[in-house]
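Predicted model, so just to flag it, every value in this text is computed and none were measured.
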There are 2 protein chains.
Amino acid sequence: MTDPRPGGAEGVDSVLAALADPTRRLLLDLLAARGEASATALAEGVPVSRQAVVKHLAVLEAAGLVRGGRVGREVRYAVRPAALDATARWMAALAADWDRRLARIKLLAETAEAAERDAP
Amino acid sequence: MTDPRPGGAEGVDSVLAALADPTRRLLLDLLAARGEASATALAEGVPVSRQAVVKHLAVLEAAGLVRGGRVGREVRYAVRPAALDATARWMAALAADWDRRLARIKLLAETAEAAERDAP
DNA sequence: CATTGATGCAACTCCAGGGTTGCACCTAAC
DNA sequence: GTTAGGTGCAACCCTGGAGTTGCATCAATG
């Protein structure tokens, strides 16, 4: 979509899509609390099967919100704040941009109204 | 008001869900550029039918990202930055929280390692 | 080596939601 | 009144994603 400032993260849409699912947000929360956990361990704290958790973790990893690494015979996942932070900044910039535009529109409307009053 | 209490992000999930769709982000962009527009007008700047636009606007309005009001025989929509801004702040806080927790975990790991070294 | 616990792969179901079309309704303008 | 542009409602496809089950596979440990 529109990127007000080039240099901003391009993973924004994948991050938004990833965060749109409640189960994935739950998983991120669990991961943030534990620091590190395997898919099997996470599945015990979530109302879905292990396979579902695996799929969700794949989505999260593709979005850069999570990173998985092999430790022995299991795969440990950990949260990765960078992507989330970048998206937060992008959103803040977008909100500021909207504010700016709305202020401009409002100003134009007022001056037009004033002109209307002065020269009908 | 879709912004009840500080900790409990209730409007956040609807905002994330709304933002997850590319067409809706496009619509928001068009709206921000024009300031105000009707569903029919917006449909001409988007690769989908008017009805699809109407549905998207309903979702956006439910999320508090947009506000619609009747003007004559048409309904004008305008962007509403507050909800977006609130979600941006929520995300930033979340990212900061993750950072905090990760730092704690890392510290614990290091002290544990040190203890391991001193008393094996 | 055999066992146990973890991951990986694949096929399958199910449904929410994005998209469409058609028509009815309302309101301004002629 | 009649017309035309705009909105609202409803029924209807259809794809994708969330979730499941079953089995194969690989690594640590006895």
Side-chain angles (χ1 to χ4, degrees), chain A residues 1 11-31 34-79 83 87, chain B residues 10-31 34-79 83 116:
Chain A
M1 164 182 169
V12 168
D13 33 349
S14 60
V15 170
L16 288 176
L19 288 177
D21 187 85
T23 303
R24 279 195 288 266
R25 291 200 298 270
L26 216 189
L27 284 175
L28 284 174
D29 206 38
L30 289 178
L31 263 187
R34 302 190 178 196
E36 264 195 2
S38 68
T40 306
L42 286 172
E44 290 170 1
V46 130
V48 298
S49 73
R50 176 184 65 91
Q51 290 299 335
V53 171
V54 169
K55 287 187 187 178
H56 283 309
L57 286 173
V59 174
L60 290 171
E61 189 165 30
L65 288 167
V66 130
R67 194 199 49 200
R70 192 137 215 153
V71 179
R73 67 178 161 186
E74 64 184 23
V75 179
R76 301 270 182 78
Y77 289 88
V79 120
T87 304
Chain B
E10 267 315 310
V12 168
D13 36 348
S14 60
V15 170
L16 288 175
L19 256 40
D21 186 84
T23 303
R24 279 195 286 266
R25 292 201 297 271
L26 215 191
L27 284 175
L28 284 174
D29 205 40
L30 289 179
L31 264 188
R34 302 189 178 197
E36 266 195 2
S38 67
T40 306
L42 287 171
E44 290 169 3
V46 129
V48 298
S49 73
R50 176 184 65 90
Q51 290 300 334
V53 171
V54 170
K55 288 186 186 179
H56 283 309
L57 286 174
V59 174
L60 290 171
E61 188 164 30
L65 288 167
V66 130
R67 193 199 51 201
R70 193 138 215 152
V71 178
R73 68 179 163 188
E74 63 185 22
V75 179
R76 302 271 181 78
Y77 289 88
V79 119
E116 186 80 6

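Within residues 53-67 of chain A, no residue has any heavy atom under 4.0 Å from DNA chain C.
Taking the salt bridge (charged side-chain N to carboxylate O under 4.0 Å, His left out) definition, one finds that Arg76(B) meets it with Glu36(B), Glu74(B), sequence neighbours left out. The side chain to side chain contact (heavy atoms under 4.5 Å, CB included) check on Ala52(B) picks up Val48(B), Ser49(B), with sequence neighbours excluded. Looking at residues two or more places apart in sequence or on another chain, you find a side chain to side chain contact (heavy atoms under 4.5 Å, CB included) between Leu30(A) and Leu26(A), Leu42(A), Val46(A). Considering only residues two or more places apart in sequence or on other chains, Ala20(B) meets the side chain to side chain contact (heavy atoms under 4.5 Å, CB included) condition with Ala20(A).
At the phosphate of dT21(C), neither OP1 nor OP2 sits under 4.0 Å from any side-chain N or O atom of Ser49(B).
Straight-line distance from the CG atom of Asp21(A) to the C1' atom of dG17(C): 14 Å, rounded to whole Å. Distance Leu27(A) CG to dA18(D) C1': 12 Å, rounded to the nearest Å. We find that CD of Glu44(A) is positioned 12 Å from P of dG5(C), with the value rounded to whole Å.
Using a 4.0 Å heavy-atom criterion, one finds that Arg24(A) contacts the sugar-phosphate atoms exclusively.
Summarising the geometry, atom CG belonging to Leu65(A) is positioned 7.0 Å from atom OG1 belonging to Thr87(A); distances are rounded to the nearest 0.5 Å. The structure places OG of Ser38(B) at 11.0 Å from CZ of Arg73(B), a figure rounded to the nearest 0.5 Å.
For the pair Leu19(B) and Leu19(A), the minimum side-chain heavy-atom distance is 4.5 Å or more.
Between the Arg24(A) side chain and the Ala18(A) main chain, a donor and an acceptor come within less than 3.5 Å of each other.
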### Message
Please encode protein proximity along nucleotides 23-30 of chain D as a string of B, S and -, counting only heavy-atom distances under 4.0 Å.
### Response
----BB--

